[in-house]
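Remarks on the structure that follows.
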Amino acid sequence: MKYKEHKIVEVEPGSIAEELEIEAGDTLLWINEENIQDVFDYRYLMADEAIDICIRKQNGEEWVIEIDKEYGEDLGLVFETSLMDDLIRCRNKCKFCFIDQLPPNMRETVYFKDDDWRMSFLNGNYITLTNMSQADINRLIKYRLSPLNVSIHATDPEVRKALLSNRHAGKILEQLKVLVDAGIEINGQIVLCKGLNDGDVLDQTVRDLSQFIPHILSLTVVPVGISKFREGLAELEGFDEESARVVVEVVEKWQKFYLERMGTRFIFAADEFYITGKKPLLTYDEYENFPVLDNGVGMLTKFKWELEKELEKIESSEESFELSLVTGCITKGYMEECVALVNKKLPNYKIHVYPVVNHFFGENITVTGLLTGQDIISTLKQDIPLGKVLCFAENMLKSGEPVLLDDYTVEQISKELDIPIEVLPNEGNEWVQKIIELKEKY
Ligand code: SF4
């Protein structure tokens with residue numbers, strides 16, 4: 001049998017693998033003579049207390065090693081990618097796809113469109129189910145991988161096919177039923193596009209999905225992102241104050257309905273709808289433990305709640321300090337409210353909030369997480385007070401690296417603006433602590 005080969009790039013110090021003299025550069029060929037397709041096979045096969053593995057050393061020797069270990073104990077092998085396989089390509093051409101709207105000349109990898117169910121578990125990605133084979137579904141069920149994040153968008157078959165530009169996209173209700181019947185839980189997402197899947201279509205989608213509650217844990221409605229690079233693409237319109245307010249009201253209607261019948265609000269609108277529609281965000285308790293925080297739902301309420309709790313704990317102080325924050329245009333007012341709360345306890349902290357217009361993707365993109373180095377530099381390079389330190393939000397950086405979306409490093413921006421830069425955490429309590437620590441540092 002031909003086994004899929006997995007190159008080992010690192011062996012964790014003190015691990016079982018190190019003890020067995022497995023080295024970076026060696027190759028894993030099989031576990032218990034079973035082929036390893038990806039990390040899910042690997043984890044499953046590796047979990048047992050007694051396993052045999054086959055390693056090909058760099059000199060070509062093949063070692064078969066018997067291992068006795070604790071159940072679930074890791075071997076300490078690190079592979080080239082966390083998936084241990086190539087990503088599955090997307091087969092859709094969604095009208096709202098943000099990858100189609102990226103500027104030219106970004107790094108090649110950002111243009112790759114994946115729609116890989118495994119990344120839902122590894123990375124929290126939402127997947128459309130349009131390219132899952134029966135074998136994929138069998139594996140997902142076999143490994144009891146749950147919850148799965150699904151981009152539903154619309155349950156009406158024709159609307160979904162048109163939205164995804166995929167004639168195979170119309171069977172979402174049947175597909176969800178198979179998964180739910182097999183015990184898989186789902187988080188659903190709707191990318192809302194004005195005139196395409198809002199209004200009656202949205203109502204029907206929510207109504208259709210109710211049959212799967214409580215196996216569908218939540219349904220998130222997020223607004224379509226529209227960059228300035230839409231030449232040759234379908235015409236789409238963003239949400240203004242009036243249309244965003246309508247979306248919040250529709251979501252609130254359904255929340256009331258489900259809360260009375262099922263004890264959960266079930267459907268949540270992204271924070272952007274509330275801010276754009278000038279509607280008050282839900283309270284901390286109303287977000288029901290924040291089931292879909294990663295999808296931009298409830299982040300602002302959670303942050304402010306944590307910030308207020310932390311401020312209650314600290315002593316008032318007359319100490320003075322000056323610093324600056326950059327923010328997306330949409331959260332300017334919200335950040336100013338947070339600063340006003342800080343100033344009740346620390347009245348001599350001068351905290352400048354600078355909204356940065358997004359010229360890189362276009363002015364319609366107003367969230368903080370999509371800001372780029374070049375826009376920050378051009379905004380702040382004018383003669384404006386910055387204080388002792390400039391602060392970025394954690395979600396402006398690419399997966400924790402000190403690099404922004406346009407590949408500007410934090411260090412480069414700091415040099416250009418001639419000011420130290422600090423990254424503030426996403427949790428409100430840690431944010432307050434960091435602001436106080438910065439006073440000591442600078
Ligand atoms: S599923 Fe749609 S939005 Fe996602 S990458 Fe494919 S085309 Fe783009």
Side-chain angles (χ1 to χ4, degrees), residues 81-83 85-104 106-133 136-137 140 147-176 179 186-198 201-202 205 209 219-239 270 272 292 294-297 361-362 364-365 367 369-370 398-399 405:
T81 64
S82 59
L83 181 59
D85 196 10
D86 293 334
L87 283 165
I88 303 172
R89 272 183 190 276
C90 162
R91 289 199 196 141
N92 311 310
K93 282 192 171 166
C94 298
K95 292 196 161 53
F96 51 80
C97 183
F98 200 70
I99 296 176
D100 289 337
Q101 309 177 55
L102 292 176
M106 292 181 77
R107 272 174 314 120
E108 209 177 304
T109 49
V110 304
Y111 300 104
F112 182 81
K113 291 184 186 179
D114 67 82
D115 188 20
D116 191 325
W117 60 275
R118 299 167 301 179
M119 296 312 286
S120 173
F121 304 105
L122 292 182
N123 216 19
N125 293 9
Y126 279 76
I127 52 118
T128 65
L129 305 180
T130 52
N131 60 359
M132 272 185 91
S133 65
D136 291 330
I137 292 170
L140 187 148
L148 179 69
N149 294 339
V150 181
S151 281
I152 295 169
H153 305 317
T155 51
D156 180 297
E158 296 312 314
V159 173
R160 193 166 192 264
K161 283 193 247 176
L163 265 174
L164 275 61
S165 309
N166 183 339
R167 64 192 170 87
H168 302 292
K171 294 193 182 113
I172 187 71
L173 286 173
E174 291 92 316
Q175 290 173 306
L176 290 175
L179 293 169
I186 308 283
N187 282 310
Q189 170 182 259
I190 295 172
V191 174
L192 204 64
C193 302
K194 240 170 151 177
L196 297 181
N197 60 344
D198 58 350
V201 178
L202 176 62
T205 302
L209 293 176
L219 181 63
T220 306
V221 184
V222 300
V224 58
I226 301 181
S227 88
K228 64 183 181 187
F229 301 97
R230 283 202 60 86
E231 212 173 302
L233 300 175
E235 265 195 32
L236 284 181
E237 203 187 320
F239 287 88
E272 283 166 84
V292 274
D294 287 350
N295 219 359
V297 174
F361 290 112
N364 289 329
I365 302 294
V367 293
L370 291 176
K398 275 195 304 200
S399 14
L405 278 170

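Each ligand, and each atom within it, is numbered from 1 in the order the structure gives.
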Quick one: look at Asn92 and ligand 1, take heavy-atom pairs under 4.0 Å, and tell me if it's side chain, backbone, both or neither.
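The answer is both.
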
Heavy-atom distances under 4.0 Å decide this one: backbone, side chain, both or neither, for Cys94 against ligand 1?
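Contact part for Cys94 vs ligand 1: both backbone and side chain.
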
Measuring from Ile152:CD1 to Ile190:CD1, what's the distance to the nearest 0.5 Å?
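Between Ile152 CD1 and Ile190 CD1, I get 6.5 Å after rounding to 0.5 Å.
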
Distance from Arg160 atom CZ to Ser151 atom OG, nearest 0.5 Å?
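Answer for the CZ-OG pair, Arg160 versus Ser151, is 7.5 Å.
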
If you draw a 6.0 Å radius around CD in Glu174, do more than 12 non-hydrogen atoms from other residues or ligands fall strictly inside?
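Yes, enclosed.
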
Any ion pair linking Lys113 and Asp100 (charged N to carboxylate O, less than 4.0 Å)?
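Counted as a salt bridge, because a side-chain N and a carboxylate O are separated by less than 4.0 Å.
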
So, for atom 4 (Fe) of ligand 1, does the protein have a heavy atom nearer than 4.0 Å?
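No, because not a single protein heavy atom sits under 4.0 Å from atom 4 (Fe) of ligand 1.
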
Enumerated ligand 1 atoms positioned under 4.0 Å from heavy atoms of Thr128
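Matching atoms, with element in brackets: 1 (S).
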
Suppose we measure from atom 8 (Fe) of ligand 1 to each protein heavy atom; which comes out shortest, and what is that distance?
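Minimum-distance protein heavy atom for atom 8 (Fe) of ligand 1 reads Cys97 SG, 2.3 Å.
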
Which residue and atom name correspond to the protein heavy atom nearest atom 6 (Fe) of ligand 1, and how close is it?
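For atom 6 (Fe) of ligand 1, the nearest protein heavy atom is Cys90 SG, 2.2 Å.
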
Side-chain donor/acceptor of Asn197 to backbone N/O of Ala154, under 3.5 Å:
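Here the side-chain-to-backbone pair does not exist.
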
